Structures are given as structure tokens and as C-alpha cells.
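Presented below is the structure to which this report refers.
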Amino acid sequence: MFSSSSSSLSSRISLQIIKRGKKSSKGDAVEPPIPSSLPNAPVDHASRITTSAVVSQHVTLANATPDPSVVEVLPLLKEVALSERHVLFIRKLQICCVQFDFSDTVKCARQKEIKRQTLTELIDLVQSGSCKMNEIMQEELVRMISTNLFRCLPPASHENTGSEGIEEEDDMYLDPSWPHLQLVYELLLRYVMSTEMDTKVAKRYLDHSFVLKLLDLFDSEDPREREYLKTILHRIYGKFMVHRPFIRNGINNVFYRFIFETERHNGIGELLEILGSVINGFALPMKEEHKLFLVRALIPLHKPKCVSAYHHQLSYCITQFVEKDYRLADIAIRGLLKYWPITNCGKEVLFLNELEEVLEGTQPAEFQRCLVPLFKQLGRSINSPHFQVAERALFLWNNEHIVDLIAQNRRAILPIIFEPLERNMYGHWNQAVHGLTSNVRRMFLEMDSELFEECEKEYNEKAAGASCLVEQRERAWKKLEEAASMVG
């Protein structure tokens, strides 16, 4: 029934392969098996396929050159002969390449539903794991995915309103085309996860250009899209070892543009989540490339004003580095101090949270290298008029590991921190801060009473000297006032 038409279509496909300069894989001779369950219920009466309609579709498929812009009802893959499935699979991919306007829900509703059902069938086929696609099928599949996903993202909300603040969750942008985009993303995910996929063949189509375009999509305002992108890029990173350095460099470049140029990007948190898992897999001793990534990309991410949007993921990446190599603790702490906020109290609380996590993985030798600048900054935080900042800084003394480090280095730390503690005792307005300060002060007294008394004596002498200077200054002003009155 299909012998002449099948041979003509097969010759056309073979000619396409020769033109591309590629040899077909062994799987070309064997058509893909059929998944156990495929959707077979079209949306309306007009799209229902009877037995005669299936035969008509076979004839049309075999004898006519299909128009790629036409969305037609095709038979299910399980309803055609094995020799026709290769051609039918590619024709279905062509149908899924047709784009629609989803801002109008009524326009082209039937064609949209046909495309949706076709995508669902393709997902089931790939997910079944029994389909071994040849090279041309994989190439057409990736081409269809690229056609649907790689697009210009709509203008960000702040570009329309001039607002720089982070939107509330209820006002998040949700792409109207998501019902179809989600299916395309799911198809890509199932393709990447497929155990039947030959990575040597797939890397020709999931190449560097494809990865870069995926990275561009991370700026999407739709959180559902970013979640899929995060999962897919992570899977590609895990499956294609040849792409790993390129993916890391691509993420680096996204960070650089964000830090030093735009300070606006929607997907920094998702990219950091991927990196958190990547860092966890770094082998020891750690390569110099990875240490440079910490210094040049991760630590400067503390600089932008919107750091609160991704700080949780950033803090996890920093602590992963310290847990991997404790010698990096000094670099991490000094990096935090470099970008420590001066007037942003909410950001300062985040930094104090991260500092405690880093200090938990810090060893005595690294702690000694940075303790002077560290406790000078903690002294300023303790004296902060914002009670949440002062409380969070004083809570560090509730951590046993940090207290042990402080106790070992108390002779260097107490002279730095004693004055801020005394100021809080007699000058801070918040009662809770006053109570925490008293506890820390008592802790130092119990650690080393002799050292505490030395610091107290020095502080009192310094305070007395300061009061003498104030009195001298006041006397000098009075003399100037008297001299000015006599001249007048």
C-alpha cells in the first residue's frame, strides 16, 4: 500500500543526510518502538479520526509534500506501519514548530490543541525509554525545541514601570504561552534524561550555542520556566562532561554582567543552585580555576543591592567552598568584610547569618589571620542603633565553635571588642541588646578575669583621658568667647 511512497520519502530523507555530510546511525534501519499509552482523544468533533480518516492521512502523508506551516491532524504513531513511523515522527515535529499567539485564547484554538496533543505524544514516546532515535530524528527534535524555546523575552516589569523593587509573589509575570512551553521543556528534559540517548551523537545538537541560548533564558520573569531551565541545565552538566568548563564559564559571564553592568537578572538564584551542586562535586585538591571563581564571581555577588533575592543560594555556595577546603575560610571572611553594608540594615543581618555559617567551618589558623578586621567590624555591628543588627551580632556568642575560637584568641579579641560592649552596657536604647551584651561581657569575665580587668582598667583610663580632653576643649572655647566679648 505504501511501498512507492515510503521509498520516495526515505530517499528524500537519505538525501538530506548526505547533504548534511552525516552518516545515519544503525538505528535508522529500525523504526522507534511504540510507547504503551498515547493520547488518542482529540478536543472536538472535527478532529476525530475514524478508520477511513486514518487511511486518508496515510495517503496524504505519503504522496504530498507537507507544508510546515500547516497544523494538520495526523494519525498516532502506533496506528501506522513501522516503515512510516520515521517520516510521521518528523512530520509531527514540523507541526510542533508552528508558533501561535497565546495572548488571544480563542484564536487558532483547534490548531493549538492539535499541537498540544502532538507534544504530549512525543513526550510519552521519549519517556517510555524504548525509542532509539537516529541522528536525523534527534537533529529535528532539537531544532523543534530550539524554535519554540529560544525567543526574545518580553520586557521586564521594571522597564515598563520604572520600578526597581522586587515584585510581590502575587504580581509575578506568568507567560501566557506556558501551557505549550511547559510541554516543550518537558520533552527536552525527558530527552536529556533518556538512558537510550547516545551522548556522542546528542552533543552535536546540544552544543555550545544551545547551552548559551539556554543561559539567556534564565532571565525569564516566569519562575516556572526558570525552574525547568535549572533542572535541564543541571542534567546537561551531569551528562555531558565535555560541556562542563563551558557551562561554568557561561555562568561566570552572566554573573559578571549582572555585578558590573546591569545589577538586574531574574535567574541568579537558580544559577547559584546549580553551582551549589557543582561545587559539592569538586575534587580535592581544588583547582586554581575554582578558587578564582570564588574570588572573582561569587564573593562580588555580595555587592548588588538586590542580594537578598538570592542570598540563601549564595551563602550555600560560599560555605560549600569552605567545607571543601577549610583554607578558603580566610578568603571568604575577608570577601564578606570587603562588601559589608554600611547603611542597609537588612543586608547586614544577612551578612551576619552567612558569617556564622562560614565561621562554623573555620579552623584556628585561618581564624587568626582575619580576626582583627573581623572583630573591628563586629564591634561596629554590636553598636548598631538598629536592634536586629546588634542582636544578630551578639548571637554569634551562642555558637559553641565560635566561642571556642574566641576563647583561644581572647587576648587579641577582648581589647578590640571590650569598648563596643561597654558602650552598649551604658548607651544602647534596646533592653534585649542590653541583656545580650551583659551575657557576652560575663562570658569574657569567666574566660579570663585577669585579662578582663586589664581591659577594663585601660578602658577607664582612656575614658578619663577623653573626659579631660573634653574639659580642656570647653575651657578653650570659654576663653575664646570671653576674648570675643571684650573685643566687641
Side-chain angles (χ1 to χ4, degrees), residues 2 5-20 22 24 27-28 31-32 34-35 38-40 42-43 47 49 53-54 56-102 108-126 131 133-151 177 179-188 190-191 201-202 204-206 210 213:
F2 301 111
S5 59
S6 299
S7 60
S8 63
L9 284 169
S10 300
S11 63
R12 276 207 306 274
I13 293 169
S14 300
L15 183 59
Q16 292 177 14
I17 298 173
I18 294 171
K19 286 181 179 179
R20 293 186 176 100
K22 299 171 183 173
S24 59
D28 288 344
E31 297 303 329
I34 305 302
L38 292 171
N40 55 9
V43 67
S47 63
I49 303 174
V54 171
S56 175
Q57 289 295 338
H58 280 231
V59 175
T60 303
L61 183 66
N63 297 330
T65 302
D67 183 355
S69 63
V70 174
V71 178
E72 58 184 331
V73 179
L74 295 174
L76 298 177
L77 285 163
K78 67 180 181 180
E79 296 176 344
V80 299
L82 288 174
S83 59
E84 287 289 323
R85 289 176 185 168
H86 187 161
V87 180
L88 180 58
F89 180 85
I90 293 176
R91 178 61 189 133
K92 285 177 179 285
L93 292 176
Q94 291 174 345
I95 287 176
C96 294
C97 286
V98 180
Q99 305 292 300
F100 297 105
D101 178 14
F102 285 87
C108 301
R110 182 172 178 272
Q111 290 89 334
K112 291 176 184 176
E113 179 61 20
I114 293 172
K115 179 180 177 180
R116 187 195 68 77
Q117 290 187 8
T118 305
L119 285 169
T120 303
E121 182 185 6
L122 294 175
I123 291 170
D124 291 342
L125 179 68
V126 175
C131 172
M133 293 183 287
N134 58 36
E135 290 191 32
I136 193 170
M137 293 169 74
Q138 292 186 59
E139 182 180 8
E140 292 299 318
L141 175 65
V142 174
R143 187 180 71 82
M144 182 276 289
I145 290 170
S146 301
T147 300
N148 282 275
L149 298 186
F150 301 149
R151 65 208 189 278
S177 62
H180 278 208
L181 280 177
Q182 181 182 13
L183 293 174
V184 179
Y185 273 117
E186 187 67 27
L187 180 58
L188 174 57
R190 296 302 171 188
Y191 171 61
V201 174
R204 300 174 191 170
Y205 312 118
L206 301 180
F210 187 91
K213 291 174 182 176

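Along the sequence shown, residues carry numbers from 1. Please read all numbers here as calculations on a predicted model, not as lab measurements. All values below come from the heavy atoms of this structure, side chains included, with hydrogens, waters and symmetry mates left out.
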Worksheet item: Do Leu122 and Leu93 come close enough that some side-chain heavy atom pair is under 4.5 Å?
Response: yes
Fill in: Result of checking His180, Met144, Arg91 against Cys96 for side-chain contact (heavy atoms from CB on, under 4.5 Å)
Met144
Discussion item. Could you check whether any side-chain heavy atom of Asn148 comes within less than 4.5 Å of a side-chain heavy atom of Lys115, counting everything from C-beta outward?
Written reply: yes
Worksheet entry | Pairwise distance CD1(Ile123) to OG1(Thr118) - rounded to 0.5 angstrom | 11.0 Å
Worksheet entry | Full working for side chain to side chain contact (heavy atoms under 4.5 Å, CB included) between Arg116 and Leu183 | CA-CA 8 Å; Arg116 187 195 68 77; Leu183 293 174; 3.4 Å; yes
Item to complete: Would you indicate whether the side-chain heavy atoms of Ile145 and Tyr205 approach each other to under 4.5 Å?
Response: no
Fill in: 4.5 Å side-chain heavy-atom contact, Gln94 and Ile90
yes
Worksheet entry | Heavy-atom check, side chain of Gln99 versus side chain of Thr147, under 4.5 Å | yes
Practice prompt. Let me see the working for Gln117 and Glu121 under side-chain hydrogen bond (donor to acceptor under 3.5 Å, both in side chains), right down to the final yes or no.
Written response: CA-CA 6 Å; Gln117 290 187 8; Glu121 182 185 6; over 6 Å; no
Worksheet entry | Verdict with reasoning, Leu74 to Leu88, per side chain to side chain contact (heavy atoms under 4.5 Å, CB included) | CA-CA 8 Å; Leu74 295 174; Leu88 180 58; 3.9 Å; yes
Worksheet item: Quick one: does Lys92's side chain get under 4.5 Å of Leu125's, heavy atoms only?
Response: no
Fill in: Spacing of Phe89 atom CZ and Met137 atom CE [to the nearest 0.5 Å]
4.5 Å
Practice prompt. Search all heavy atoms of Leu206 against all heavy atoms of Tyr191 and return the closest pair with its distance.
Written response: CD1-CE2, 3.9 Å
Worksheet item: Just by distance, do the side chain of Gln138 and the backbone of Met133 share a donor-acceptor pair under 3.5 Å?
Response: yes
Item to complete: Hey, could you give me the CG/CD1 distance between Leu119 and Ile114, rounded to the nearest 0.5 Å?
Response: 12.0 Å
Worksheet item: Sequence neighbours excluded, which residues qualify as side chain to side chain donor-acceptor pair (under 3.5 Å) partners of Glu186?
Response: Arg190, Tyr228
Worksheet item: Backbone N or O of Ala202 within a donor-acceptor pair of the Arg204 side chain at under 3.5 Å?
Response: no
Item to complete: Output all residues satisfying side chain to side chain donor-acceptor pair (under 3.5 Å) with Ser177, sequence neighbours left out; order by chain, then residue number.
Response: Asp175
Worksheet item: Thinking salt bridges, do Glu113 and Arg110 make one under a 4.0 Å N-O criterion?
Response: no
